[in-house]
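A quick write-up on the structure given underneath.
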Amino acid sequence: MVYNHQDIEKKWQRFWAENDIYRTEADPSKPKYYVLDMFPYPSGAGLHVGHPLGYIASDIVSRYKRLKGFNVLHPMGYDSFGLPAEQYAIQTGQHPAVTTEENINRYKEQLDRIGFSYDWNREVRTSSPQYYKWTQWIFMQLFNSWYNHDEDKAESIDKLIEIFSREGNKKINAACDDDIELFDAFFWNKLREEQKQEILLKYRLAYLKESTVNWCAQLGTVLANDEVVNGVSERGGYPVEQKKMMQWSLRITAYAERLLQGLNEVDWPEPLIEMQRNWIGRSEGAKVRFPIPDTDKKIEVFTTRVDTIYGASFLVLAPEHEWISQLTTISQKEEIEAYVAAAGKKSELDRMADTKTVSGAFTGAYAEHPLTGKRVPIWISDYVLASYGTGAVMAVPSGDQRDYLFAKHFDLPIVAISDAQDISEQADDTKKGKYINSDIINGMSYQKAVATLVSTLEEKGLGEATINYRMRDAIFGRQRYWGEPVPVYFKNNLPYLIDEKDLPLLLPEVDKYLPTESGEPPLGRAENWKYKGEFEYEKSTMPGWAGSSWYWFRYMDPKNTESFASEEAIKYWKDVDLYIGGSEHATGHLLYSRFWNKFLKDLGFHNEEEPFKKLINQGMIQGVSSFVYRIVDEEGVGTNKFVSFGLKDQYRTTPIHVDVNIVHHDKLDLEKFKNFRPEFKEAEFILEGGEYICGHEVEKMSKSKYNVVNPDDIIEQYGADTLRVYEMFLGPLEQAKPWNTNGIDGVNRFLRRVWALFHDQDGKWAVSDAEPTKQEMKSLHKIIHKVEEDIERFSFNTSVSAFMICVNELTEQKCNKRAILEPLLVVLQPYAPHITEELWAKLGHEPGTISQAVYPVFESKYLVEDEFNYPVSINGKLRTNILMGLDWDQQKVEETVLANKDIVKHIGDKKVKKIIFVKGRIVNLVV
RNA sequence: GCCUAGGUGGUGGAACUGGUAGACACGCAGGACUUAAAAUCCUGUGACCCUCAAAGGUCGUGCGGGUUCGAUUCCCGCUCUAGGUACCA
């Protein structure tokens, strides 16, 4: 019987589903292992061959860990709220829920064909009310919490109210809005309910505030910082402008320090950790206040170089700074207003593109230098960003290149502050040398100067050491339809949570998915949509990342109606041991998830500071586009003649993308090409060696480039097992690589050889119960050891190679012995589950047990000692070229060889060709 | 500019803590089976030199140095590629 992948794979996939083979239950008698894939957004295009790469890797790890006796949680679900379904709904009127359902079904079908070991009983969909009920519920907890910096955790808002009514807010060290005013208990207790709510809103972790947001007019919504890339929207690439709006935000900045510290305890790729560090952007420095004479105002600046304070010859405010209009003198009013208006009109993109030209305007006002008391002019310029620090800087032209250019341009004083500085051509930010022109720190070194200045400023009440973070609070509202409704209603213009009993707050039906005529979000179209028939609901919905910020908890207990996951389930499954997904989520999903995880920990729902202990970024699989070369006539018009790649230089040609599915090994299938597009029906070809050879190029996989390879086609032709093994064989998991099918035949051949081991030349089942030879045992144990080692370090490509070697060796030895083949199937099962299931069942085992049961293959009794261990090199460390990885007694071997230096001819059964000595030590044995 | 990762045959890639560089696979060449093709199997395959052959030699992991008995691996400088990030004070 030949290996028929189509029948075998269908048969086992059905068997697994019908018998619920991969069902997982919490089982305290077994150690748990949680393997998570970043769940997909089910787009209309379906899966291409790049998507399953990470899923295959995680599936291999899952199956392997099961074999090792772990209780493995390996779920899959859908991040099913999102823009494309809504855009489609706007165009067609089709409800996004319908589109989403269809797409999910298609995804499920495609995923099932690859043979994953997901427990589909645990599937989650972020857009289902049973799921988003709990997303809303977590939002309510955020609304009901504040961040206590003294305890370094989130606490209930009730506790805050209690403190307010007892002693006001003077002793509170909270994460809050920066316009807080201090009050005592007496003041608080006298306030009306609305006034209290207004103040509390400034402390809540989910809060509503007038803030500058990234507004994308084309998408009709605001975007979070991580959703804006290079000044345009991440989705669609539309322009984004700054706009002031009342917006829901999450106070993620309260967690900045913990988010940073947590990075030290996770096992993540270094680039990703670095990205998050940069995004959080911690910088140590000082806040310094420059008083404005004749007022009680002080301009606060943030600087990382207080030591240069004596070189501060002017202040610069961002054009958006809120005091500008008050500061500006009458004579400067016109100029300033013109500048502010011009800066406001500039898009983020323009502002970034033009960093060379120096521009700015003088307000006419002066501040007082906090240490020298000298008059310091106040300027505005767009090189100062409103969103960073305090939106104002003290300009030190001698130490900062931007300040230097500004000073040169507007002829402002440049004061050297160190004797080691060279400021003739440009600013010099050296910390070396002795300070000059710097009064109290003259002659000091950097460290001492900073300490002296900070204490002096603190004494005067004009500054203090501080830590500034680049990260901003996360804008949480979206003016969209297809997202979770925010469980909030308004009374007297103030937000209140709906009753927990009323969760989930269902997404209402609307007639169209567009904003209302009055500019309200689509939910404004819902008729009679009022809380208790009376109060207006919040009309914006949650952003795409809301549902994905806690989903790994839901998999632990997906059907729970009492809580987001039961205490027992969380206690057992704890956290994600291995998380596999793309690096594009570095500053979005992965940051927000860590934030929600820490928040839920603070509330006592679990005990893990970090949700994802180990994380792997699978590399992107790019497409390889194929080209045919159409001959162009004198006028430059394309003919219907196509010339093969090697001969194209003899003609005038234009390259045309051709569907990669009709090209194999760069050779074009001429008949299929003629049917590719009607215009090619009568195509003629100039061949080389009887073949038409195509050119190729690596590009991103996309429909328009005809280079999308669909896993279904590969599975149809070669089978899911081949696809799985081949994707692993392609190269290191974390590396980006182009898809090509050039090597797939080799992998397919390997699987057929596995099949052939169990059959004789006529294709009849032929497995013997004979005792294996030492040679055969050696081949087997090499692979067992190698697979274990490779999976532990996520080096899947090398174990595929090892499998090939193993099968070649066994084939050569004509080994058809059960004692060898049975364990071989077990270790191969994670990579190729279908073919191994089939052979496993034929060996007389209960179907399904291979992927379910713990098999003692990895236990030591299967590892035979000593006799397989041959040293190859001896020098403190061992290399085993003959046998991979098995331990051997180094000292013993070394002693033996040294004692018999002249007569050693064999080690084990290997002939020693050469003993290499260096300085009397054996460095290497050539065998 | 800054941060991070990387540069190995015709190709994808091995070489895990410094120890025979190029495993495994693709491709290519030759052969077997076949009327023929496909499939399958066998042999060869880094470059160069030498040899009828066996054998042997030299060079070789982006470039230039260094440490070492020995470097793809460690150190210094440069260069190129990919990803991230940027008036962040």
Side-chain angles (χ1 to χ4, degrees), chain A residues 2 229-230 269-279 281-283 285-286 301-305 308 312 316 318 351-352 354-358 381-385 387-396 399-403 405-406 429 468-471 583-584 586-587 617 619-620 665-666 726 729-732 734-747 749-750 752-753 756 761 786 789-790 792-793 795 797-806 808 811 872-881 884-885 913-914 916-927:
Chain A
V2 291
V229 178
N230 292 330
E270 196 51 44
L272 208 126
I273 290 183
E274 207 52 38
M275 269 190 246
Q276 287 213 351
R277 279 208 188 104
N278 290 339
W279 187 262
R282 177 192 152 111
S283 57
V301 303
F302 173 73
T303 177
T304 50
R305 292 292 304 272
T308 65
V316 188
R351 210 160 143 170
M352 283 197 299
D354 183 21
T355 57
K356 294 259 152 47
T357 37
V358 178
S381 174
D382 63 4
Y383 80 83
V384 176
L385 305 176
S387 57
Y388 184 76
T390 61
V393 301
M394 61 175 208
V396 184
D400 184 288
Q401 185 60 17
R402 294 155 304 175
D403 298 344
L405 291 173
F406 196 83
D429 61 2
N468 190 58
Y469 297 93
R470 196 188 81 115
M471 184 170 64
S583 59
E584 66 273 20
T587 53
N617 291 131
M620 202 207 298
H665 295 318
D666 282 345
Y726 184 58
F729 184 63
L730 215 45
E734 303 201 53
Q735 190 175 302
K737 53 215 162 235
W739 175 263
N740 68 75
T741 49
N742 290 346
I744 201 166
D745 291 324
V747 168
R749 201 167 293 148
F750 155 71
R752 290 205 303 263
R753 281 180 183 178
Q761 280 172 329
K786 180 73 175 153
E789 194 180 65
D790 281 349
E792 296 287 352
R793 64 189 175 111
S795 174
N797 55 330
T798 50
S799 42
V800 175
S801 294
F803 272 120
M804 290 177 175
I805 295 169
C806 176
N808 284 349
T811 305
V872 177
S873 102
I874 310 166
N875 186 21
K877 286 159 192 169
L878 351 156
R879 274 186 75 247
T880 48
N881 270 9
M884 284 168 279
K913 288 190 204 152
K914 202 153 76 177
I916 302 168
F917 288 92
V918 175
K919 286 184 180 171
R921 274 186 70 79
I922 300 166
V923 164
N924 209 351
L925 296 174
V926 180
V927 295

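Just so we're on the same page: letters track the sequence lines, and every chain starts at 1.
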Fill in the blank from the handout: 5'-most contact on RNA chain B (nearest-nucleotide basis), A/V393 vs A/M275, goes to A/M275

Handout entry: Nearest-Å distance once atom P is located in both B/rG27 and B/rA15
Key = 23 Å

Practice task
Name the nucleic acid region contacted by A/R753, choosing base, sugar-phosphate or nothing; use a 4.0 angstrom heavy-atom cut-off, strictly under.
Solution key: sugar-phosphate

Exercise for the section: Answer with base, sugar-phosphate or nothing: what part of the nucleic acid does A/P732 contact at a heavy-atom distance below 4.0 Å? Expected result: sugar-phosphate

Exercise for the section: Can you tell me which stems involve RNA chain B, if a stem is defined as three or more consecutive Watson-Crick or G-U wobble pairs, both distances under 3.5 Å? Expected result: B:1-7 with B:79-85, B:10-12 with B:24-26, B:27-32 with B:40-45, B:46-49 with B:56-59, B:62-66 with B:74-78

Handout entry: Short side-chain N/O contact from A/R749 to OP1 or OP2 of B/rA25, under 4.0 Å
Key = no

Exercise for the section: Take atom CG of A/L405 and atom C1' of B/rA89, then tell me their distance rounded to the nearest Å. Expected result: 14 Å

Fill in the blank from the handout: Per-nt protein contacts along nucleotides 3-12 of chain B (heavy atom under 4.0 Å; B base, S backbone sugar-phosphate only, - none) come out as SS-------B

Exercise for the section: Using only heavy-atom distances, determine whether the side chains of A/D790 and A/T798 contain a donor-acceptor pair under 3.5 Å. Expected result: yes

Problem - Side-chain H-bond candidate by donor/acceptor type, A/R753 with A/N808, under 3.5 Å - result: yes

Fill in the blank from the handout: Hits for ring pair (Phe, Tyr, Trp, His ring centres under 6.0 Å) against A/F750, two or more places apart or cross-chain, chain-then-number order -> none

Practice task
Under 4.0 Å between any heavy atoms, over every strand shown, what does A/D790 touch: base, sugar-phosphate, or nothing? Just pick one.
Solution key: nothing

Problem - Minimum side-chain heavy-atom gap A/R305-A/D429 below 4.5 Å - result: yes

Practice task
Verify the contact: side-chain N or O of A/R277 to OP1 or OP2 of B/rU85, cut-off strictly under 4.0 Å; return yes or no.
Solution key: no

Handout entry: d(CD, A/Q401; P, B/rG1) in whole Å
Key = 15 Å

